[in-house]
Amino acid sequence: MTDNLRPTNFIRQIIDADVASGKHSLVVTRFPPEPNGYLHIGHAKSICLNFGVARDYQGRCHLRMDDTNPAKEEQEFVDSIRADVRWLGFDWGEHAYHAADYFDQLYAWAEKLIGDGKAYVDDQSLDDLRRTRGDFTTPGTNSPFRDRSPEQNLDLFRRMRAGEFRDGSRTLRAKIDMASPNQNLRDPVMYRIRREHHDRTGDEWCIYPTYDWAHGQSDAIEGITHSLCTLEFEAHRPLYDWFLENIGTPHRPRQIEFARLNLTYTMMSKRHLGTLVQEGHVSSWDDPRMPTIAGLRRRGYTPEAIRLFCDRIGVAKADSMVEVELLENTLRELLNAQAPRALCVHRPLKLTIENWDQDKTVEIDADTRKLPFTKEIFIEHDDFMEAPEKGFKRLSPGKEVRLRHAYIVKCTGVDKTGNEITGLRGTIDPDPNASRKVGGTIHWVSAPLSAPVTLRLYDRLFRVPHPGAGETDFRTQLNPHSLEVLEGARIEPALRDCKPGDRFQFERKGYYCADAKDSRPGAPVFNLIVPLRDTWKK
RNA sequence: UGGGGCGUCGCCAAACGGUAAGGCAGCAGGCUCUGACCCUGCCAUUUGUAGGUUCGAUUCCUACCGCCCCAACCA
């Protein structure tokens, strides 16, 4: 494993070369989310890349809200984005920005382009634009308004800005090449008229810049050296460069594209995740089944685990689909080393110790805490089989097993109502140090001295590895068993007063986290983060 | 179909002309008061295919095949 080494990937190699050649003395990156939804594990990859690069090269990474489209953006999302990036362990220092901060500069540059005859106001409708853009094989055709004079364009553009024209009636377009094989260069729209209230700029503007017109310029303004984005923007790079070249900024950021993260059994579409929330398939953006940072956090994932996972998946240009098992393994690896152990019986089955006095309680030393042992204890229902199948190493009539941290117990009787097992009887070997080999070790809690607890057993949100693939409606592929709530579970008394957010390994079961929102003093609610590996195939 | 990318083990991913890292998954053992963890071994004679250059090619060249992205006044 190379976890302690600096990650190496093609982007860092480019940066290494830029630093070595003296092209840049300070590396500046940025993470530019659009505040229209919650961040997910895919964003975490980009965050770790951008902030990780800044950290390792002693540069800096800006957090920039890409808020050029006022219709879709909300403060709730801005707040959640900041919280999530911080929680992941990254710090943008003083460098928190909004694309909206640059609207004035962008406007000034637009006038410059108009003055240079490199942009024009087009009166065509959205429909016209679509029709004249051509298609993959057919070149587009020039707008009848393409050759207006700079003076006329300037006048029109200023009137656009002043609010003289109705929404959607005109656009400002870059004058590049309607016949370009790269459709992004067929006179792309720079401004559209849209009377929307903007969270940042209020009603100051009725024209808003498009992504293409805003992004590279924002990078230039901030002195970004390496503008890292996902593969779908690759064809936009010539346009990114064209704008920078033609407005003549002294600073030229370089756009580099990498493959976005895809994870099996979930999905990364902010829009689709929003649908799950809106339609009530999950409780909220931070539902522990969601692949959002907020969801993973609430589920019990640690920032370290997400960062290590992002290091392990690497950064490359090939489209990829990472198996969710890698994420789970990373969490298990870290929590195995960190999480205190505890005993929790999920589905209690009462076992009465016949050779133990009714009122006797012994406090057994179990590593860091005491476990009270009493005449009646609970064991896991699954840990008993009246007619054990081959390979079953747990309790069955006449057989012995070890009670974790405690005694060896032998099952001497089964109480049933009809076919239902309602309780067991057994006898213990009173020697706590008895060391003979027994079938196995099972967990248990005292019946009277354990605490009732609610367990939320989470499973993958979708039943299929690639939800939404092809024509399929992802809603039909939801896993109906993604959440099972166990109300009757019992935990050892020491855990009754754990704090929200505390993580434990419930031995032989899995890693759990006390839910940050629903746990109450004395009554924690535990979320299953990930089960332990189980090689006992049944 | 035009343009832009990408194809190395089931899934990620190194290798930068010198003879295929590592992780995950899987399989087989060992250890064990967690069927967990841990440990050991196995897991690409071969890098989409076919040619070519070279003493030598995953790395260079050619052709072909496959997959992804682009026809929002989204990002």
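So you know, we letter chains A, B, ... as the sequences are listed, proteins then strands, and number each from 1.
- Separation of atoms CG (A:Asn69) and CD (A:Glu196) is listed at 8.0 Å; rounding is to 0.5 Å.
- Following rounding to the nearest Å, A:Asn262 (CG) and B:C69 (C1') show an atom-to-atom distance of 13 Å.
- Of the residues A:Trp205, A:Phe157, A:Tyr208, A:Phe165, the one that meets the ring pair (Phe, Tyr, Trp, His ring centres under 6.0 Å) test with A:Tyr191 is A:Phe157.
- B:G5 and B:U62: their P atoms are spaced 15 Å apart (whole Å).
- A straight line from CG of A:Leu326 to P of B:C12 spans 11 Å, rounded to a whole angstrom.
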Intra- and interstrand pairs of RNA chain B - dot-bracket, Watson-Crick/G-U under 3.5 Å, | marks other strand:
.((((((..(((.....[...))).(((((.......))))).....(((((..]....))))))))))).....
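- Protein atom CG of A:Leu231 is 12 Å distant from nucleotide atom C1' of B:C67, rounded to whole Å.
- Spacing between atom NE2 of A:His346 and atom C1' of B:U34 amounts to 12 Å, rounded to whole angstrom units.
- Comment: A:Arg369 engages A:Glu492 in a salt bridge, judged by a side-chain N to carboxylate O separation of less than 4.0 angstrom.
- At whole-Å resolution of the value, CZ in A:Phe373 and C1' in B:C33 are 14 Å apart.
- To the nearest whole angstrom, the two P atoms, one in B:C61 and one in B:A21, are 25 Å apart.
- A salt bridge does not link A:Asp382 to A:Arg508: none of the charged nitrogens lies less than 4.0 Å from a carboxylate oxygen.
- Checked by distance alone, A:Glu257 brings no side-chain donor or acceptor within 3.5 Å of a matching partner on the base of B:G5.
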Protein N or O to nucleotides 13-15 of chain B N or O, pairs below 3.5 Å:
from	atom 1	to	atom 2	distance (Å)
B:A15	OP1	A:Gln13	NE2	3.1

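- Listed by first then second residue, pairs satisfying salt bridge (charged side-chain N to carboxylate O under 4.0 Å, His left out) with a partner in residues 130-140 of chain A read A:Asp127-A:Arg130, A:Asp128-A:Arg131, not counting sequence neighbours.
- Note on A:Pro188: nothing from the nucleic acid sits closer than 4.0 angstrom, heavy atoms only.
- Residue A:Ala71 is classed as having no contact, given no heavy-atom separation below 4.0 Å to the nucleic acid.
- Along RNA chain B, the nucleotide nearest to A:Asn182 and the one nearest to A:Arg402 differ in position, and the one closer to the 5' end is contacted by A:Asn182.
- A salt bridge links A:Arg460 with A:Glu328: the distance from a Lys NZ or Arg NE/NH1/NH2 to an Asp or Glu carboxylate oxygen falls below 4.0 Å.
- The separation between A:Leu185 atom CG and B:G3 atom P is 14 Å, rounded to whole Å.
- Among the nucleotides B:U1, B:C11, B:U34, the one closest to any side-chain atom of A:Thr137 is B:U1.
- Under the 3.5 Å distance criterion, with hydrogens and angles disregarded, a donor-acceptor pair is assigned to the side chains of A:Arg30 and A:His215.
- For the residue pair A:His62/A:Glu222, the side-chain donor-acceptor check at 3.5 Å is satisfied.
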Tabulated below should be each protein N or O lying under 3.5 Å from an N or O of nucleotides 35-39 of chain B; please produce it.
from	atom 1	to	atom 2	distance (Å)
B:G35	OP1	A:Arg508	NH1	3.2
B:G35	OP2	A:Thr441	O	3.3
B:G35	O3'	A:Thr535	OG1	3.4
B:G35	O2'	A:Thr535	OG1	2.9
B:G35	O2'	A:Trp536	N	3.4
B:G35	N7	A:Arg394	NH1	2.4
B:G35	O6	A:Lys393	N	3.0
B:G35	O6	A:Arg394	NH1	3.2
B:G35	N1	A:Gly391	O	2.8
B:G35	N2	A:Gly391	O	3.0
B:A36	OP1	A:Thr535	OG1	2.7
B:C37	OP1	A:Arg533	NH1	3.4
B:C37	O2'	A:Asn336	ND2	2.7

Sequence-aligned protein contact record of nucleotides 70-75 of chain B, with B where the base is within under 4.0 Å of a protein heavy atom and S where only the sugar-phosphate is:
BBSBSB
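- In the model, A:Glu257 has a side-chain atom that pairs as donor or acceptor with a side-chain atom of A:Gln255 under 3.5 Å.
- Using P as the reference atom, B:C12 and B:C73 are 33 Å apart when rounded to the nearest Å.
- Here the C1' atom of nucleotide B:C33 and the CD1 atom of A:Ile364 are 12 Å apart, to the nearest Å.
- Of the residues listed (A:Val409, A:Ile377, A:Leu351), the one engaging A:Ile428 in a side-chain contact (heavy atoms from CB on, under 4.5 Å) is A:Val409, and it is the only one.
- Between the side chains of A:Glu380 and A:His346, no donor-acceptor pair of N or O atoms lies under 3.5 Å.
- Against the 90° criterion about 0, the sugar-base torsion of B:A72 places it in the syn range.
- For A:Ser80 and A:Asp84, the side-chain atoms include no donor-acceptor pair closer than 3.5 Å.
- For the C1' atom pair drawn from B:A13 and B:G7, the interatomic distance equals 14 Å after rounding to whole Å.
- Under 4.0 Å is where a charged nitrogen must lie from a carboxylate oxygen, and between A:Glu400 and A:Arg436 at least one such pair does.
- Take A:Phe526 and apply the ring-ring contact (aromatic ring centres under 6.0 Å, His included) test, not counting sequence neighbours, and it matches A:Phe506.
- Distance A:Asn329 CG to B:C11 P: 18 Å, rounded to the nearest Å.
- You'll find the side chain of A:Asn153 stays beyond 4.5 Å of the side chain of A:Lys175, heavy atoms only.
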